[in-house]
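Here is the structure we will look at, set down as structure tokens.
FYI, side chains are in, hydrogens and waters are out, and symmetry mates aren't considered; it's all heavy atoms of this structure.
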Amino acid sequence: MGFPSVLTMAQRWVAERLRPGAAAVDATAGNGVDTLFLARTAGPRGRVFAFDVQPEALARTRDRLNAARAGGERLAGVELLCAGHERMAEYIPAELHGRIGAVMFNLGYLPGGDTSVITRPDTTLPALETALRLLAPGGVLTAVLYPGHPGGDEEARAVERWMAALPAAAAQAVLYRFPQRETSPYLAALEKRNA
């Protein structure tokens with residue numbers, strides 16, 4: 001049977017914590033898989049903010065959302081934002097700061113897109129800091145890390161160091177990985193404390 005994939009586990013941890021009607025962020029929209037998952041989970045009274053620097057990614061995300069709506073699904077309102085994830089505090093309304101239920105990151109590059117356009121520690125680490133501030137107490141942040149592509153290992157190590165340095169009073173952090181496959185994707189996640 002095997003263990004759940006890192007993507008499945010990220011969604012499981014978010015689904016356990018994101019309430020219907022809540023606001024959520026997809027920090028790296030990509031092909032829209034996490035955006036659609038968040039829109040389903042938050043439900044028609046919720047809000048989702050999806051960020052990506054590539055218009056192609058936002059177009060794919062829009063198509064995925066439109067297909068779900070055309071199939072009769074009732075989703076949260078979704079704002080597609082062509083901006084880097086490090087700028088999320090600028091785009092998310094001030095009244096939602098400290099009230100976001102979940103932030104999902106799927107780092108690396110756009111599958112089927114330009115593989116030279118990758119997420120990098122110089123924008124990812126500020127984005128993680130911002131996401132932690134935006135989260136509500138009990139909110140969850142997930143980051144799927146890809147050490148197997150050029151630049152991916154450096155970013156994965158930087159994210160791990162950032163999470164390990166967080167005070168336990170601020171957040172509980174966890175890694176989910178398959179240690180027999182050194183370069184396979186893995187999941188870093190945290191739950192914000194009530195402090």
Side-chain angles (χ1 to χ4, degrees), residues 2-14 24-38 48-61 64 80-89 91 100 102-135 139-166 170-192:
F3 290 106
S5 73
V6 294
L7 299 172
T8 298
M9 190 57 72
Q11 290 187 355
R12 181 177 296 176
W13 288 343
V14 169
V25 175
D26 184 350
T28 50
N31 285 318
V33 174
D34 288 336
T35 305
L36 178 57
F37 162 75
L38 290 169
V48 175
F49 301 87
F51 292 84
D52 210 292
V53 296
Q54 296 181 82
E56 177 185 0
L58 295 174
R60 292 180 189 182
T61 299
R64 187 176 296 272
L80 300 176
L81 300 155
C82 192
H85 51 204
E86 73 279 10
R87 298 181 60 202
M88 68 178 87
Y91 288 89
I100 299 293
V103 181
M104 299 183 80
F105 290 78
N106 196 334
L107 300 173
Y109 55 84
L110 176 64
D114 181 351
T115 59
S116 71
V117 179
I118 62 171
T119 55
R120 300 181 186 279
D122 64 332
T123 55
T124 298
L125 295 178
L128 292 168
E129 288 282 351
T130 299
L132 182 58
R133 287 193 309 273
L134 291 172
L135 281 174
V140 64
L141 180 155
T142 64
V144 178
L145 309 171
Y146 294 86
H149 70 85
D153 188 50
E154 175 192 355
E155 183 175 49
R157 286 194 314 267
V159 171
E160 275 196 59
R161 283 192 303 272
W162 177 81
M163 283 198 175
L166 290 172
Q172 177 184 25
V174 65
L175 294 177
Y176 177 77
R177 70 186 314 165
F178 297 87
Q180 294 131 322
R181 293 179 281 171
E182 191 174 313
T183 60
S184 68
Y186 65 102
L187 172 62
L190 64 79
E191 183 177 54
K192 187 172 179 177

Between Ala158 and Leu125 the two heavy atoms that sit nearest each other are O-CD2, 3.7 Å
Determine all donor-acceptor pairs shorter than 3.5 Å in which one atom belongs to a side chain in residues 6-14; sequence neighbours excluded.
from, atom 1, to, atom 2, distance (Å)
Thr8, OG1, Ser5, OG, 3.0
Gln11, NE2, Asp34, OD1, 3.4

Worksheet item: Is there a side-chain contact (heavy atoms from CB on, under 4.5 Å) between Thr124 and His85 once you walk through the steps?
Response: CA-CA 7 Å; Thr124 298; His85 51 204; 3.5 Å; yes
Sorted by chain and number, sequence neighbours left out, side-chain hydrogen bond (donor to acceptor under 3.5 Å, both in side chains) with Asp122 holds for none
Those residues at least two apart in sequence (or on a different chain) that pass ring-ring contact (aromatic ring centres under 6.0 Å, His included) with Tyr109 are His149
- Say whether, by atom type as modelled, one donor and one acceptor occur between the side chain of Lys192 and the main chain of Gly139 under 3.5 angstrom. no
In the structure I gave you, are the side-chain heavy atoms of Leu135 and Leu141 within less than 4.5 Å of one another anywhere?
yes
Heavy-atom closest pair (Met88 atom, Ala127 atom, distance to 0.1 Å) is CE-O, 3.9 Å
Closest non-hydrogen atoms of Leu38 and Ala102, given as atom of the first, atom of the second and distance, are CD2-CB, 4.4 Å
Taken in chain and number order and not counting sequence neighbours, the residues that satisfy salt bridge (Lys or Arg N to Asp or Glu O under 4.0 Å) with Arg120 are none
Sorted by chain and residue number, the salt bridge (Lys or Arg N to Asp or Glu O under 4.0 Å) partners of Glu154 (sequence neighbours excluded) come out as none
Q) Can you find a pair of side-chain heavy atoms, one from Arg64 and one from Val33, that are under 4.5 Å apart? A) yes
Value for CZ (Phe105) from CD (Glu155), rounded to nearest 0.5 Å, stands at 10.0 Å
Correct closest heavy-atom pair for Gly151 and Ile118 would be CA-CD1, 4.3 Å
Residues at least two apart in sequence or cross-chain that pass side-chain hydrogen bond (donor to acceptor under 3.5 Å, both in side chains) with Asp52, listed by chain then number, are none
Can you see whether Asp153 engages Tyr146 through a side-chain donor-acceptor pair at a distance of less than 3.5 angstrom? no
Please set out all donor-acceptor pairs under 3.5 angstrom arising from side-chain atoms of residues 174-185, sequence neighbours excluded.
from, atom 1, to, atom 2, distance (Å)
Tyr176, OH, Pro4, O, 2.6
Arg177, NH1, Glu160, OE2, 3.4
Ser184, OG, Arg181, O, 2.9

Next on the checklist: Run the side-chain contact (heavy atoms from CB on, under 4.5 Å) test on Val48 and Thr35 for me, step by step, so that the C-alpha distance in whole Å, both residues' side-chain angles and the decisive distance to 0.1 Å come before the verdict.
Outcome noted: CA-CA 7 Å; Val48 175; Thr35 305; 4.2 Å; yes
Applied to residues 105-115, the salt bridge (charged side-chain N to carboxylate O under 4.0 Å, His left out) test, sequence neighbours excluded, yields none
Output for pair (Arg87 CZ, Leu81 CG), nearest 0.5 Å, gives 10.0 Å
With sequence neighbours left out, the residues meeting side-chain hydrogen bond (donor to acceptor under 3.5 Å, both in side chains) with Glu86 are none
pair Leu132-Leu166: side-chain heavy atoms closer than 4.5 Å: yes
* Taking side chain as C-beta onward, heavy atoms only, is Thr61 less than 4.5 Å from Asn31? -> no
Quiz item: Is the backbone of Leu107 close enough, under 3.5 Å, to the side chain of Thr28 for a donor and an acceptor to pair up by distance?
Solution: no
Distance col, row Arg157:CZ vs Leu145:CG, nearest 0.5 angstrom, shows 12.0 Å
CG (Leu134) and CD (Glu129) are apart, to the nearest 0.5 Å, by 11.5 Å
Rounding to 0.5 Å, atoms OG1 (Thr119) and CG (Asn106) come to a distance of 9.0 Å
Closest heavy-atom pair, Val103 versus Ala131, reported as atoms and distance to 0.1 Å, is CG1-CB, 3.9 Å
- prompt: Does the side chain of Phe51 come within less than 4.5 Å of Val25's, by heavy atoms?
  reply: yes
Checklist line | Flag, side chain of Thr142 to backbone of Met104, donor-acceptor distance under 3.5 Å | finding: no
Indicate yes or no: at least one non-hydrogen side-chain atom of Pro147 is less than 4.5 angstrom from one of Tyr186.
yes
Taken in chain and number order and not counting sequence neighbours, the residues that satisfy side-chain hydrogen bond (donor to acceptor under 3.5 Å, both in side chains) with Arg133 are Thr130
ring-ring contact (aromatic ring centres under 6.0 Å, His included) filter on Phe49, not counting sequence neighbours, yields none
Sequence neighbours excluded, the answer for salt bridge (Lys or Arg N to Asp or Glu O under 4.0 Å) partners of Arg60 is Glu56
On a heavy-atom basis, the closest approach of Ala29 and Leu58 is CB-CD2, 4.1 Å
